[in-house]
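Note that the structure is predicted; figures quoted are calculated from it, not measured. Just so you know, ligand 1 is whichever comes first in the structure, and atom 1 is the first atom listed for that ligand.
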Amino acid sequence: MKTILITGGTGFIGRHLCQRLIDLGWHVIVISRNVATAGSRLPAAVELIGSLGGLSAETEIDAVINLAGEPLAAGRWTEPRKKKFIDSRTGTTDALYRFFAAREQKPKVLLSGSAIGFYGAGNGQDMPVDETGACVDNFSHQLCKRWEQSAAQFQSLGARIVYLRTGIVLGEEGALAKMLPPFKLALGGPIGDGQQWMPWIHIDDMVALICHCLDDGSLAGPVNATAPNPVRNTEFTKQLGAALGRPAIFPMPAFMVKILFGQMGEELLLQGQQVIPRKVQDSGFKFQYPLLTNALSDLLKSQ
Ligand SMILES: NC(=O)c1ccc[n+]([C@@H]2O[C@H](COP(=O)([O-])OP(=O)(O)OC[C@H]3O[C@@H](n4cnc5c(N)ncnc54)[C@H](OP(=O)(O)O)[C@@H]3O)[C@@H](O)[C@H]2O)c1
């Protein structure tokens with residue numbers, strides 16, 4: 001049985017991923033800051049450790065998936081919180097690197113978190129952005145760049161590294177869960193001018209894509225984890241309203257977003273590039289939910 005070590009395994013993506021990896025026959029070890037509560041959130045077969053020191057010397061780690069990080073969309077981006085976003089990600093990744101650098105047995109592959117925020121600001125441009133796309137500098141870009149640079153240290157250990165440049169993951173948690181209450185009350189609508197792109201991905205495809213990156217030894221470097229058909233905010237709004245059978249006609253003007261959410265609103269809500277998953281598609285990965293309409297009708301079938 002192969003063994004995989006996961007940071008951030010208790011999170012939204014991590015929990016779905018752990019279940020899938022167990023189903024596929026992996027021995028899954030999750031590092032959590034709170035082992036006591038983590039146990040109730042994860043399948044019983046997951047081995048939980050509170051720190052890297054809890055890993056026994058004889059345990060061979062074949063692969064590492066690194067998702068841990070302070071949540072970004074929980075509130076305004078104050079300077080202390082921005083520092084925490086960076087430190088929680090680079091700190092965890094640096095600690096992983098130091099641990100394996102000092103260990104005789106090294107993992108063969110590291111899949112490390114990143115985000116479409118790597119490509120930085122953008123609003124409305126028609127140019128698709130694949131993994132070779134240019135970046136516009138802003139805080140999101142700096143955060144992802146530093147996270148990827150930290151992970152890149154694993155090159156010196158001979159590991160294959162994939163940076164998962166993840167889009168808006170749609171599932172029972174995350175962005176969709178935050179959007180649902182106003183939309184259910186028929187108070188939803190476009191944000192700003194609605195022209196910003198929203199590269200999204202269904203949680204099942206996210207998990208399948210991570211497993212594909214684990215298996216396909218030819219994939220390395222940045223990999224866009226987004227569905228092949230990103231939509232603009234106006235289209236997302238229209239389709240979400242339709243899926244819920246509610247009108248979605250109350251726009252939130254850009255100035256209001258800036259007042260309410262500050263820089264977080266500007267970078268996460270008012271901007272977005274047309275990111276496409278060129279590398280996984282070229283490698284033969286098939287999305288179960290390539291279209292937003294199918295993803296939403298699957299996720300909202302019980303609403
Ligand atoms: N969900 C999305 O739409 C999306 C999109 C793009 C990128 N991403 C990135 O992908 C990663 C996983 O996403 P997710 O939605 O599953 O995240 P999540 O639900 O917020 O979970 C992140 C995990 O990271 C750990 N964590 C939280 N704060 C931390 C801190 N200050 N220091 C160290 N560890 C901390 C927690 O594990 P413990 O409490 O067990 O330690 C938590 O379970 C995140 O880093 C996120 O930024 C997500």
**Request:** Report the member of Phe118, Trp147, Trp200 with the shortest heavy-atom distance to atom 9 (C) of ligand 1.
**Result:** Trp147

**Sub-4.0 Å atoms of ligand 1 with respect to non-hydrogen atoms of Ser88** = 30 (C), 31 (N), 32 (N)

**Message:** Less than 3.5 Å apart, any donor N or O on the side chain of Glu60 or His27 sitting next to an acceptor on the other?
**Reply:** no

**Request:** Give a yes or no on whether the ring-centroid distance for Phe99 and Tyr97 is below 6.0 angstrom.
**Result:** no

**Message:** Check this for me, if you would: do Asp62 and Lys2 make a salt bridge, where the nitrogen-to-carboxylate-oxygen distance has to be below 4.0 angstrom?
**Reply:** no

**Message:** For ligand 1 and Glu70, I'd like to know whether there is a polar contact (N/O to N/O, distance under 3.5 Å).
**Reply:** yes

**Proximal atoms of ligand 1 relative to Ser32 (non-hydrogen, under 4.0 Å)** = 38 (P), 40 (O), 41 (O)

**Item:** Hydrophobic cluster membership, Ile29 vs Leu214, 4.5 Å side-chain cutoff
**Value:** no

**Message:** Can you report which non-hydrogen protein atom sits closest to atom 2 (C) of ligand 1, along with the distance?
**Reply:** Val169 CG2, 3.6 Å

**Item:** Ala115: numbered ligand 1 atoms lying under 4.0 Å from its heavy atoms
**Value:** 6 (C), 7 (C)

**Prompt:** Would one find an N or O of Leu72, backbone or side chain, under 3.5 Å from an N or O of ligand 1?
**Reply:** no

**Message:** Salt bridge or not between Glu235 and Arg232? Use side-chain N to carboxylate O under 4.0 Å.
**Reply:** no

**Item:** Side-chain donor/acceptor of Arg160 to backbone N/O of Ala220, under 3.5 Å
**Value:** no

**Top protein contact for atom 5 (C) of ligand 1, by heavy-atom distance** = Gly167 O, 3.0 Å

**Request:** Can you sort out which atoms of ligand 1 are near Phe12, meaning under 4.0 Å from one of its heavy atoms?
**Result:** 1 (N), 15 (O), 16 (O), 19 (O)

**Prompt:** Can the ring centroids of His141 and Phe118 be said to lie less than 6.0 angstrom from one another?
**Reply:** yes

**Contact with ligand 1 for Phe85, non-hydrogen, under 4.0 angstrom** = no

**Prompt:** Touching ligand 1 at all, Ala225? Heavy atoms, strictly under 4.0 Å?
**Reply:** no

**Item:** Where ligand 1 meets Ser114 - atom numbers and elements under 4.0 angstrom, heavy-atom basis
**Value:** 7 (C)

**Asked** Is there any N or O on Arg33 that sits under 3.5 Å from an N or O of ligand 1?
**Response** yes

**Asked** For Gly11, is at least one N or O under 3.5 Å away from an N or O on ligand 1?
**Response** yes

**Request:** Please indicate whether any nitrogen or oxygen in Lys84 is less than 3.5 Å from any nitrogen or oxygen in ligand 1.
**Result:** no

**Item:** atom 20 (O) of ligand 1 - nearest protein heavy atom and its distance
**Value:** Pro71 CG, 3.9 Å

**Asked** In the protein, which heavy atom is nearest to atom 6 (C) of ligand 1, and how far is it?
**Response** Thr166 O, 3.3 Å

**Asked** Distance only, no hydrogens: is a donor on one side chain within 3.5 Å (strictly under) of an acceptor on the other, for Thr226 and Asn224?
**Response** no

**Item:** Where ligand 1 meets Arg89 - atom numbers and elements under 4.0 angstrom, heavy-atom basis
**Value:** 44 (C), 45 (O), 46 (C), 47 (O)

**Asked** Is there at least one pair of N or O atoms, one from Ile13 and one from ligand 1, spaced under 3.5 Å apart?
**Response** yes

**Message:** Can you see whether Asp130 engages Thr132 through a side-chain donor-acceptor pair at a distance of less than 3.5 angstrom?
**Reply:** yes

**Heavy atom of the protein closest to atom 42 (C) of ligand 1 (residue, atom name, distance)** = Thr10 OG1, 3.8 Å

**Prompt:** Between Ala175 and ligand 1, which part of the residue brings a heavy atom under 4.0 Å of the ligand: side chain, backbone, both or neither?
**Reply:** neither

**Electrostatic pair Lys82:Glu79 at N-O distance under 4.0 angstrom** = yes

**Prompt:** Do Gln142 and Asp137 have side-chain N/O donor and acceptor atoms under 3.5 Å apart?
**Reply:** yes

**Prompt:** What protein heavy atom sits nearest atom 24 (O) of ligand 1, and how far off is it?
**Reply:** Gly69 N, 3.2 Å

**Prompt:** How are the rings of Phe139 and Phe85 set to each other: parallel, tilted or perpendicular (split at 30° and 60°)?
**Reply:** tilted

**Request:** Return a yes/no value for Gly8: is any of its N or O atoms, backbone included, closer than 3.5 angstrom to an N or O of ligand 1?
**Result:** no

**Asked** Looking only at side chains, do Asp94 and Gln153 share a donor and an acceptor under 3.5 Å apart?
**Response** yes

**Asked** Picking from Thr234, Thr237, Leu269, what satisfies side chain to side chain contact (heavy atoms under 4.5 Å, CB included) with Ile191?
**Response** Leu269

**Message:** What I want to check is whether the side chains of Gln288 and His202 have a donor and an acceptor closer together than 3.5 Å.
**Reply:** no

**Request:** Using a strict 4.0 Å cut-off to heavy atoms of Leu67, name the atoms of ligand 1 that fall inside it.
**Result:** 11 (C), 12 (C), 44 (C), 45 (O)

**Request:** Enumerate the atoms of ligand 1 whose separation from the nearest heavy atom of Ala68 is less than 4.0 angstrom.
**Result:** 24 (O), 34 (N)

